[in-house]
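Both counts, for ligands and for their atoms, begin at 1 and track the order of listing.
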Amino acid sequence: MSSSVSNSDRKIVTGSAGYILEDVPHFTDDFPDCPTYPNPLQDNAAYSVVKQYFVDDDDTVPQKIVVHPDSPRGTHFRRAGPRQRVYFESDDVLACIVTCGGLCPGLNTVIREIVCGLSYMYGVKRILGIDGGYRGFYARNTIHLDTNTVNDIHRSGGTILGTSRGGHDTTKIVDSIQDRGINQVYIIGGDGSQKGAAAIFEEIRRRKLKVAVAGIPKTIDNDIPIIDRSFGFDTAVEEAQRAINAAHVEATSFENGIGLVKLMGRYSGFIAMYATLASRDVDCCLIPESPFFLEGPGGLFEFISKRLKESGHMVIVIAEGAGQDLLAESIEESKTLKDASGNKLLQDVGLWISQRIKDHFAKKMTLNLKYIDPTYMIRAVPSNASDNVCCTLLAQSAVHGVMAGYNGFTVGLVNGRHTYIPFYRITEKQNKVVTTDRMWARLLSSTNQPSFMKHDDIDSNQLVGEPGTMKW
Ligand SMILES: Nc1ncnc2c1ncn2[C@@H]1O[C@H](COP(=O)(O)OP(=O)(O)O)[C@@H](O)[C@H]1O
Ligand SMILES: O=P(O)(O)OC[C@H]1O[C@](O)(COP(=O)(O)O)[C@@H](O)[C@@H]1O
Ligand SMILES: [Mg+2]
């Protein structure tokens, strides 16, 4: 690596052939002389047999893996994992864990694995749970966590710590961290929580505290950029199959039956897209990234009419954020309502579209429409086997990074490898389905639905924009 540019926000290292490392802060940036210790894992019987268990400090992971012979090497992120030296003595650690935002399958597994990782791998004995999200830092007592208290929690949905929206007061949160003597903060949450984590980290740095802040991305609808996916998505897609199956059974049992399922996805339609591709019973999938219209040639009503004539039934999957522009035209106040975190409150597109379909066909034909809203059911369940493994690796990677002195990062899977990503890359934009990618084309070809787009409508940004993750 040849040169390094660093300001309070960004730490960019450049190398030959267009190599760029978007690095994360490290304790030594602010405390150049802080002491280090041998990693206790080197004496751990389970890990000592692993060849090259410790990650080389120069290991980085490319953001783009499809390249041409003359492509520049491009952006990389620091590879996650244990390092030879650590920046905390086990007995000095006072760690805390907080869960924020909406529920997601796997929250309890991540909590469990942070506690077990800290305890079994690094001999940390003092771990606190923050009660009920960010406001719990200053408004509630802490919860004692150890390997016994978390032993069985991965079998339950939700979060044993509780969660909330709103209540982010950076000054009060950092006061609480400072007063309690906490020196490791693990924040499990979505895009909003990671913005909160970045604010906490900035304030900690401003106060020159030797406190590590690490984010673990919680995104059921896969709206966090850079990462391949995070825990809970797989479970949500699997759980959505039950609703789609029910919709299919209802639709096939009645004359002109329509089963309509609403799934989560405020701005990103990945759950709807993957649930549709997995099921094969879905005739039409509507997501926020792909505008649609109801009336006239090429519209949804025409397609419903055609599909009912062809097969006598149909299943529609709609993401909660789809068609919000159409709803906003009819419900004026929907444009301004927000939740406690400042997220725009969405109107129930499922109810609205059900009514519009019923009204449209009322005088034309008998129609049996059943609306199923499993949105909270798909996020309140415990995580499945594959998500449990995902939770474990994310939690352990976060613990390794913090112990190794890295700071102000979100841990995430990039092209199948765990990495440490600076907060600003996680919070600067949202991950979306790119409707000019092949995956959306596969969906259109599997459902045979219209694209609802005229060529002129295709957002020119999408043609040149960064491709969405989860591409095969
Ligand atoms: N820009 C922000 N700055 C600081 N805190 C934020 C910001 N956005 C959201 N938060 C806080 O993060 C927490 C979770 O945010 P929310 O948007 O509800 O869920 P998620 O993290 O799942 O996206 C809330 O306590 C909220 O107040
Ligand atoms: O009713 P709540 O608890 O605010 O949750 C609803 C929202 O939570 C989510 O499941 C997840 O949102 P977050 O990522 O902001 O937590 C959204 O898809 C949904 O709109
Ligand atoms: Mg969010």
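- Under the 3.5 Å distance criterion, the side-chain polar atoms of Q324 are matched with a main-chain donor or acceptor of Q347.
- Closest protein heavy atom to atom 21 (O) of ligand 1: S193 OG, 2.4 Å.
- Residues R180 and S176 have side chains that bring a donor and an acceptor to within less than 3.5 angstrom of each other.
- Note: an N/O pair closer than 3.5 Å links G166 and ligand 1 by distance alone.
- The ligand atoms of ligand 1 that sit less than 4.0 angstrom from a heavy atom of G190 are 20 (P), 21 (O), 22 (O), 23 (O).
- Counting backbone and side-chain atoms alike, D191 contributes an N/O/S atom closer than 2.8 Å to the Mg ion (ligand 3).
- Residue G102 has at least one heavy-atom neighbour below 4.0 Å for each of these atoms of ligand 2: 16 (O).
- The aromatic ring centroids of F233 and Y274 lie less than 6.0 Å from each other.
- In this structure, the separation between CG on L286 and CD1 on I318 is 4.5 Å, given to the nearest 0.5 Å.
- When each of N431, T219, N222, D387 is tested with R229 by the rule side-chain hydrogen bond (donor to acceptor under 3.5 Å, both in side chains), just one qualifies, namely D387.
- T447 and V282 get closest at one heavy-atom pair: CG2-O, 3.4 Å.
- If you look at F409 and F77, their ring centroids are not closer than 6.0 Å.
- The protein heavy atom nearest to atom 14 (O) of ligand 2 is K218 NZ, 3.8 Å.
- Of the protein's heavy atoms, G192 O, 3.3 Å lies nearest to atom 10 (N) of ligand 1.
- Every atom of ligand 2 is numbered from 1 in the order shown, and the set under 4.0 Å from a heavy atom of R379 is 2 (P), 3 (O), 5 (O), 6 (C), 7 (C), 8 (O), 9 (C), 10 (O).
- Taking 4.0 Å as the cut-off, G133 does not count as a neighbour of ligand 1 on heavy-atom distance.
- Closest protein heavy atom to atom 10 (O) of ligand 2: M264 SD, 2.8 Å.
- Shortest contact from atom 4 (O) of ligand 2 to any protein heavy atom: R165 NE, 2.9 Å.
- Atom 1 (O) of ligand 2 has its closest protein heavy atom at Y376 OH, 2.5 Å.
- The nearest non-hydrogen atom to atom 12 (O) of ligand 2, considering only K344, E320, R266, comes from R266.
- Seen from the ring of F27, K210 counts as a face-on cation partner, given the 6.0 Å and 45° thresholds.
- Scanning R266, K195, R165 for the heavy atom closest to atom 1 (N) of ligand 1 points to K195.
- Close N/O approach between Y134 and ligand 1 is not found [any backbone or side-chain N/O within under 3.5 Å].
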